[in-house]
Each structure stands twice: as structure tokens, then as C-alpha cells.
Trainee: 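Provided herewith is a single structure, encoded as C-alpha cells, for subsequent inquiry.
Treat the numbers as computed from the prediction; the structure is a model and nothing was measured. Positions are given from 1, in the same order as the sequence printed here.
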Amino acid sequence: MKSSGSLRRGGVLPLICLLGACAPVSRPVSPVSPITSPRLAFHDSLVTGASPSAVGFSASLNREIDSIVANGIREGAAPGATVAVGRHGRLVHLAAYGVMARTDSSPVSVNTIYDMASLTKVVATSTAAMILEEEGKLDLNRTVASYIPEFNAPDKSGITVRMLLTHRGGLEAFAPLYRTFRGREQYLQQINARPLKYAPGTQAIYSDWEMMLMQFVIERVTGMTLDRFVAERVFGPLGMTGTMFNPDSTITSRVAPTEFDSTRGGVVRGFVHDENAWALGGVSGHAGLFSTAPDLAVFAQMLLNGGTYKGVRILKPSTIARWTARQDPGSSRAYGWDTPSGQSSAGHYFAARSFGHTGFTGTSLWIDPERNLFVILLTNRVNETRQNSRHVPLRRDLADAVQRSITDAPLIDWEVRQ
């Protein structure tokens, strides 16, 4: 793992400049003062930055975002945040706000690394599965047992890969297995042994176990651990040097702390917040990934570009279109991804064809292919406790502000039409 200095010199900052922005400097802010963030300085590049008005936004967009995030932080949504907004291949907003933690007044920067939580499901696990399907190595209609023979409980014999990806596998949503079990083998045994909550394929109930099983399938197919596969096939080719599982201790100071956990020695920093992912060694299909706003901007732009970024192809356009489309009546789920639904973090104005996901730690990513834009919000809202829900309206307020700022397309409240 590179040191934080080499990441700044050779990785994150060049990525920011390729997206068209040089990193701003944020500063700690008291709870009652406004948060100020220097505006970005843009320059021409292969993927250039732009002022909001150059890509069909109101000129006031950046000020509106600053105000929304400042208000959220003042009201306790999180100690700090980073935000990235892009449209038509141009980065119009990349800024950092607040401080690293309730007990750490170090300012957040755009290079701050956040625990992605369930964004792992789409950025890592679903992307890996998409690649394998394109290569003919993964069949969504095959059963999980055909890839993992020891997943052999009779009541689970009909669960398919497709069911896992759409959260229709019948598995329970969660259980604190971390209190007793460790490692892939023990977790697979437990998921296999635990009773189903409903008949597979009959409902859609969000479950971490299903994406954990997807990880196990991917690892059987590739003969590689999930973290190694996505590093070699996705993050490395895209230059996402701030994206990884199990950050090296040399860059812990760049990682935003999460929750206070007395069983793990205090405030969790530099290792995964999710306890089940921690019990799996920090690499899981449902959680464990760490990343930055600039890296996720590259990832989002790759998807909007139809699977390519700076001449590197990760996926085919047809694969992205199919996997990010809603799959079943009565459910907002695509394959791994989510789509807008009533009161979701996408807010009122992201069209039905949009796709995104959120993470428990306070992360979110939404992409609107119709308006060719993305909105990224990264926070550590669980610091120092998960008993905090102010991030929920913050996500919606940010999404709505970006969509309302568009000047070259009609504003449609898709949420009220659902």
C-alpha cells in the first residue's frame, strides 16, 4: 500500500485534475458558523471541469450545496462530509466540509477516505459480477449451489444468482454472526443452516447475506478474493488509488473515523465499521470497501460513459443498461443496484431510470443517465454513534438541489408519480 504522500503525488490529485478540478482546502467550522469552502479552480483535460452554468446548472448551485451541507453538519448529520457532482462528463462541484470526527478537529479534505458500507455491494460486488457475466463465467439463472456445492440445504436449493442480486433469495436481513463466527467457511455454513424468512423468489427483502453469497460465488468462479479481483479489474485500471479494502495503517490518518465500539478498542478507524464484514477479515460482498469522492466520481463517470473512462473499458454499455434497470414489479431493486422509490435518498427528481445506492455509515451515490449526472455524498454519520438519522434528509436535500438547479430540462417530480 502506498503512503499517504505517494497517494497525493501519484494518485488522488491527478485523478481530481483529470476530472477537472484541483483539490480545495476546507477548514474546521464551529457548530454555529457557516461552512466555507474555496471554489474549485478548473482547467482543461480529457474530462474537464466546468462552472455549473457551462453544463446546464444554475450558477448558484455550488453556493446552494455549501448551504445545505453546512446546515446538515450544524444539525448533527455528521462531523464532516465530501461532495462531488458532475454532469456531461464535467465535474462542477468537489468540496470537503467539517472535521474528521466529533473528537478530532482535523479538517476533512477531498482526499479523505470514507468507509463505503453498503456501497460495497454495487461498486465492488455487482461490478465484479457484471464483468464475469460478460465473460460468460457467471449465469444469473444458475443456482448458487451449482457454484458452491456446500450451500446444500434443501430449502435453499432453488436460490439463483439472479435472486441474490435482486434481494429475492428468501434469506433473513441480518443476524449478529460476528459474535461467534469468523471467516468465509463459518459464515457460509451459518447462512446455509439458518432458516429462510420467505420462499425464494416471492418477495424482495434487502439482505446482507445475499451479497455475501455473491462474494463467495465470485471467488469460486475467479479463484481470487473479491478485493484482489476488483483491484486488478476495476480500481487499478481506472486509477482509483484511494479505493481499497483493509486500508494500510500508513494511511489511517486519511480515514474518517466511524463508531465507538468498546469491543474493538474504541473508535473504529481504518478498519471496517460493519461487524460481520470485520468478522470476515474486512473483505465482504456487502461491506468493507473504503473510497474517496474523487475516486467515486471516476467510477460514476465510467458508468455514464457506457463502461469506459480515459480509453479503459470496464463494462459494455448494454450490460450497464440491463443491470441498472428495475427488475421486478413491487420492488425498486435492479441487479445489485437500487432505483428511486418513495422517500428514497434519490429525492423527488431523479427519474425512474436512475440508479444508485446508500451505505449505513452515511455514504450515497446516485446516477441519472437521462440527465447525464451523478451526485456523491460521503459522510461518517455513525461517528460516534449510529443513533443519528439527520443524514437521511441531507441526502434528499442534496439530490433535490442538484436536480432543481438544472436549467436545460424540465423539472419533474417523479416521486409523486410512483
Side-chain angles (χ1 to χ4, degrees), residues 114-126 128-129 144 148 150-151 153 156 159 161 163-197 204-220 225-230 244-247 255-291 333 336 338 357-363 380-387:
Y114 283 91
D115 182 328
M116 296 291 101
S118 285
L119 281 187
T120 304
K121 294 178 170 75
V122 292
V123 178
T125 310
S126 296
V144 177
I148 308 174
E150 58 268 48
F151 189 68
K156 301 177 181 66
I159 299 175
V161 172
M163 291 176 186
L164 297 185
L165 290 165
T166 55
H167 294 282
R168 298 176 68 88
L171 303 172
E172 63 189 340
F174 169 83
L177 301 184
Y178 62 89
R179 293 175 180 170
T180 306
F181 303 102
R182 296 289 184 273
R184 289 167 174 79
E185 183 177 348
Q186 290 188 9
Y187 265 70
L188 178 57
Q189 290 172 351
Q190 287 302 306
I191 296 171
N192 187 46
R194 297 177 73 85
L196 292 174
K197 287 298 183 181
I205 297 179
Y206 184 78
S207 170
D208 285 346
W209 299 158
E210 288 165 339
M211 297 306 284
M212 199 178 289
L213 284 172
M214 271 309 311
Q215 170 200 1
F216 300 156
V217 170
I218 290 165
E219 292 180 342
R220 292 297 176 91
T225 57
L226 176 64
D227 57 327
R228 180 184 166 197
F229 182 81
V230 291
M244 69 212 78
F245 291 85
N246 288 322
V255 179
T258 53
E259 193 168 15
F260 180 86
D261 184 349
S262 60
T263 65
R264 290 191 280 174
V267 174
V268 177
R269 186 175 195 177
F271 53 98
V272 62
H273 170 264
D274 183 276
E275 295 93 342
N276 283 313
W278 168 76
L280 281 166
V283 179
S284 181
H286 76 289
L289 190 67
F290 290 75
S291 191
R333 297 293 165 181
D338 200 6
H357 213 280
T358 63
F360 186 79
T361 51
T363 58
N380 54 335
R381 70 97 187 172
V382 293
N383 179 261
E384 289 184 330
T385 172
R386 66 186 69 188
Q387 306 304 318

Trainee: Taking only residues two or more places apart in sequence, or in another chain, which ones meet R386 in a salt bridge (charged side-chain N to carboxylate O under 4.0 Å, His left out)?
Mentor: E259, E275

Trainee: What distance separates D208 CG from F360 CZ, expressed to the nearest 0.5 Å?
Mentor: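 Between D208 CG and F360 CZ, I get 10.5 Å after rounding to 0.5 Å.
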
Trainee: Within the 4.5 Å heavy-atom criterion, are R184 and V283 side-chain neighbours or not?
Mentor: yes

Trainee: Under the side chain to side chain donor-acceptor pair (under 3.5 Å) rule, collect the residues that match up with D338, sequence neighbours excluded.
Mentor: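 Partners of D338 by the side chain to side chain donor-acceptor pair (under 3.5 Å) criterion, ordered by chain and then number, come out as S332.
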
Trainee: So which heavy atom on Y187 is nearest to which on Y178, and how close?
Mentor: OH-N, 3.0 Å

Trainee: Is the closest side-chain heavy-atom distance between L164 and M211 below 4.5 Å?
Mentor: no

Trainee: Answer whether the closest heavy-atom distance between the side chains of F174 and N276 falls below 4.5 Å.
Mentor: yes

Trainee: Looking at CG of D115 and CZ of R269, how far apart are the two atoms once the value is rounded to the nearest 0.5 Å?
Mentor: 13.0 Å

Trainee: Could you tell me which residues satisfy side-chain contact (heavy atoms from CB on, under 4.5 Å) with A277, sequence neighbours excluded, listed by chain and number?
Mentor: V272, D274, S284, H286, A287

Trainee: With rounding to the nearest 0.5 Å, note down the distance linking CZ in F245 to OG1 in T120.
Mentor: 5.5 Å

Trainee: Check whether any side-chain heavy atom of V144 sits under 4.5 Å from a side-chain heavy atom of V217, and report yes or no.
Mentor: yes

Trainee: Looking at every heavy atom in both Y114 and N380, which two are closest together, and how far apart are they?
Mentor: CE2-N, 3.5 Å

Trainee: Identify whether the distance between the nearest side-chain nitrogen and carboxylate oxygen of R168 and E210 falls below 4.0 Å.
Mentor: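 Salt bridge: no.
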
Trainee: For E172 and S207, work out which heavy atoms get closest and say how close.
Mentor: O-OG, 2.7 Å

Trainee: Could you check whether any side-chain heavy atom of F216 comes within less than 4.5 Å of a side-chain heavy atom of L188, counting everything from C-beta outward?
Mentor: yes

Trainee: Can you list the residues that meet the side chain to side chain donor-acceptor pair (under 3.5 Å) rule with Y206, with sequence neighbours excluded?
Mentor: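 Residues passing side chain to side chain donor-acceptor pair (under 3.5 Å) with Y206: S118, K121.
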
Trainee: If I compare all heavy atoms of R194 with all of L177, which pair ends up nearest, and what's the gap?
Mentor: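 Heavy atoms only, the tightest pair is NH1-CD2, 3.7 Å.
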
Trainee: Could you check if a side-chain atom of F271 sits within less than 4.5 angstrom of a side-chain atom of R264, using non-hydrogen atoms only?
Mentor: yes

Trainee: Once you round to the nearest 0.5 Å, how far does CD1 of I218 lie from CG of L226?
Mentor: 5.5 Å

Trainee: Please name the pair of heavy atoms, one in G270 and one in V255, separated by the smallest distance, quoted to 0.1 Å.
Mentor: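 Closest pair (atom of G270, atom of V255, distance): N-CG1, 3.7 Å.
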
Trainee: Please list, chain by chain and in numerical order, all residues satisfying side chain to side chain donor-acceptor pair (under 3.5 Å) with T263, sequence neighbours excluded.
Mentor: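 By the side chain to side chain donor-acceptor pair (under 3.5 Å) rule, T263 matches D261.
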
Trainee: If the condition is side chain to side chain donor-acceptor pair (under 3.5 Å), which residues does Q186 pass it with, not counting sequence neighbours?
Mentor: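 Here no residue qualifies.
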
Trainee: May I ask you to test the L213-L171 pair for a side-chain heavy-atom distance under 4.5 Å?
Mentor: yes

Trainee: Please give me the minimum heavy-atom distance between L165 and S126, naming the atom from each residue.
Mentor: CD2-OG, 4.5 Å

